[in-house]
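Bear in mind that the values here come from a model prediction, so they are computed numbers and not experimental data.
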Amino acid sequence: MDGLDEVPYEDREEARRWLSSLLKRYPGTRCLATVRPLAVASEWLESEDFVELRLLPMRDEDIRKFVANWHRADRLNDHHASEELEDSLSQQLADNPTLRDLARTPLLCAVICALHRVRQGFLPDTRWALYRSALEMMLGERDKRRTMATPEGFTLSIEEQQQLLQRVAVWLVRGGQNEFTRDQALHQLNRTLVGMPRVQALGPPEQILAYMLNRSGLLNERTDNDYQFVHRTFRDFLAAKEFVEGDELHELLRHSGESHWHDVLLLSAGHCSRKDLDRLVNGLLDAGDAVVVNSRGGHKVRRGLYRLAVMCAQHGAWLEESTQNRVQAAGWALTD
């Protein structure tokens, strides 16, 4: 019984009774039911003697098997599906540790398979574009492609979900945290919903949070009251979006000397307008120039900031000529 959380909310109790009667009629049948942790109460199937199990991250071998089985099933549905697509994705996963790390959960692995197929074997060229495409598929396109109804009784647009999630993400980054509690999430949602009257009218914050936990696929329940993003990069991507949209580049640049902020800084470059990207790149170069290099540690910090500025500059189709010259000089400094 796959995806009981996809049964509309008002029909889930009827689904439980149906499953219970089926097991009573055929008591020797072994049954495996899958459900997202927060879609139903923890004791929902306790009366039927179900044992609750949690999925562990997939190993490299698990990913290879998943990709092979996904494409085999795809070929059953579409006889024109090519085996070359499977070979192409398998090779990309073998060659790209970042992509492989993203594929450690069945959901994200399936999203990567689907993206690869939709794009005819060409995944996005950059990390930023890959995460954006994966987010869009997880936050709406995936359910839409599966012609899902509205299990929670309503739907949120991709941008509405991102606005809600990025407020939680930026709060986590500012606090140096990966996990958050239910009360902390509700506090952040309450603050955000003030500016989202359409979403606010759909139901109380608790109901909106349940939707995010059950339908987005981006949040995991670690314990009964402890949640986190399914992959840290999604936290950083959404936090970067919030920093840029909130005109908070100065705050990001204040943390440029802290290595655990570097991913957020790098991902923010993809969200930047032309003007903001110029500010970001020059801010990183200024921070690098300001580092005292009379020690080995200082030299390493400066090189790290120069490298980050060069990588951020690659997101821009256009930069001021003076900025281009500074980036080029920083690139030469990295080769010394």
Side-chain angles (χ1 to χ4, degrees), residues 98 102 124-136 158-159 162-178 188 192 229 231-293 297-336:
T98 299
L102 196 61
D125 294 331
T126 65
R127 285 176 65 214
W128 189 89
L130 173 64
Y131 299 141
R132 181 187 62 183
S133 297
L135 274 171
E136 288 175 353
I158 293 172
E159 182 57 30
Q162 285 191 115
Q163 287 294 323
L164 293 165
L165 287 166
Q166 65 195 54
R167 299 311 202 285
V168 176
V170 78
W171 175 78
L172 289 171
V173 167
R174 281 172 169 151
Q177 300 172 234
N178 287 320
Q188 297 305 316
T192 308
F229 279 87
H231 196 283
R232 178 176 168 174
T233 300
F234 289 131
R235 181 204 72 171
D236 292 347
F237 183 95
L238 288 162
K241 184 172 182 285
E242 177 62 21
F243 278 120
V244 173
E245 290 181 354
D247 196 21
E248 301 287 351
L249 283 183
H250 61 282
E251 181 180 350
L252 274 177
L253 289 167
R254 279 206 311 270
H255 294 281
S256 60
E258 302 168 48
S259 59
H260 58 279
W261 279 74
H262 283 189
D263 264 354
V264 183
L265 278 155
L266 181 57
L267 289 165
S268 70
H271 294 292
C272 281
S273 65
R274 187 175 73 186
K275 181 179 178 181
D276 283 340
L277 183 61
D278 212 73
R279 286 173 54 204
L280 177 66
V281 172
N282 278 298
L284 289 169
L285 292 170
D286 290 343
D289 291 345
V291 173
V292 178
V293 293
H299 185 64
K300 183 178 179 181
V301 170
R302 172 177 282 184
R303 287 175 65 87
L305 288 167
Y306 282 172
R307 185 177 297 108
L308 190 60
V310 171
M311 293 171 70
C312 286
Q314 292 172 355
H315 281 274
W318 188 94
L319 282 173
E320 292 282 357
E321 186 176 359
S322 58
T323 306
Q324 292 180 48
N325 293 335
R326 292 191 70 191
V327 169
Q328 188 175 34
W332 282 114
L334 291 171
T335 64
D336 293 342

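Shown here are the side-chain hydrogen bond (donor to acceptor under 3.5 Å, both in side chains) partners of Gln163, two or more places apart in sequence or in another chain: Glu159, Arg167, Glu245. Partners of Arg274 according to the salt bridge (Lys or Arg N to Asp or Glu O under 4.0 Å) rule, which considers only residues two or more places apart in sequence or in another chain, do not exist here. Every residue meeting the side-chain hydrogen bond (donor to acceptor under 3.5 Å, both in side chains) condition with Thr233, not counting sequence neighbours, appears here in chain and number order: His231. Residues satisfying the side-chain hydrogen bond (donor to acceptor under 3.5 Å, both in side chains) criterion with Arg174, sequence neighbours excluded, are Glu251.
With respect to the salt-bridge test (charged N to carboxylate O, under 4.0 angstrom), the residues Asp286 and Arg326 qualify. A salt bridge links Asp276 to Arg279: at least one charged side-chain nitrogen sits closer than 4.0 Å to a carboxylate oxygen.
Put simply, the residue from Leu249, Leu238, Val170 that forms a side chain to side chain contact (heavy atoms under 4.5 Å, CB included) with Phe243 is Val170.
Annotation: side chain of Phe229 is not in contact with side chain of Asp236 (no heavy-atom distance under 4.5 Å). Using a 4.5 Å heavy-atom threshold, the side chains of Asp278 and Leu319 count as touching. The shortest side-chain heavy-atom distance between Thr323 and Trp318 does not fall under the 4.5 Å cut-off.
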When you look at Leu102 and Leu130, which way does the side chain to side chain contact (heavy atoms under 4.5 Å, CB included) test go after all the steps? CA-CA 10 Å; Leu102 196 61; Leu130 173 64; 4.0 Å; yes
Before you tell me yes or no, could you show the steps for Leu253 and Leu280 under side chain to side chain contact (heavy atoms under 4.5 Å, CB included), namely the whole-Å CA-CA distance, both residues' side-chain angles and the distance that decides it to 0.1 Å? CA-CA 7 Å; Leu253 289 167; Leu280 177 66; 4.0 Å; yes
For residues 258-272, run the donor-acceptor check on the side chains, cut-off 3.5 Å, and write out each pair with its distance to 0.1 Å, sequence neighbours left out.
residue	atom	partner	partner atom	Å
Glu258	OE2	His255	ND1	2.8
His262	NE2	Ser256	O	2.7
Ser268	OG	Leu265	O	2.5
His271	NE2	Phe237	O	3.2

Would you mind writing out the side-chain donor-acceptor pairs for residues 305-314 within the sub-3.5 Å range, not counting sequence neighbours?
residue	atom	partner	partner atom	Å
Tyr306	OH	Asp289	OD1	2.5

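Going from atom CD of Glu242 over to atom OG1 of Thr192 covers 7.5 Å, rounded to the nearest 0.5 Å. For the atom pair NZ of Lys241 and CZ of Arg132, the computed distance is 11.5 Å after rounding to the nearest 0.5 Å. One distance of note links CG of Leu277 with NE2 of His315; it measures 8.5 Å at 0.5 Å rounding.
When atom types are taken as modelled, the side chain of Arg235 and the backbone of Ala169 share no donor-acceptor pair closer than 3.5 angstrom. For the pair Thr335 (side chain) and Trp332 (backbone), a donor-acceptor distance under 3.5 Å is present.
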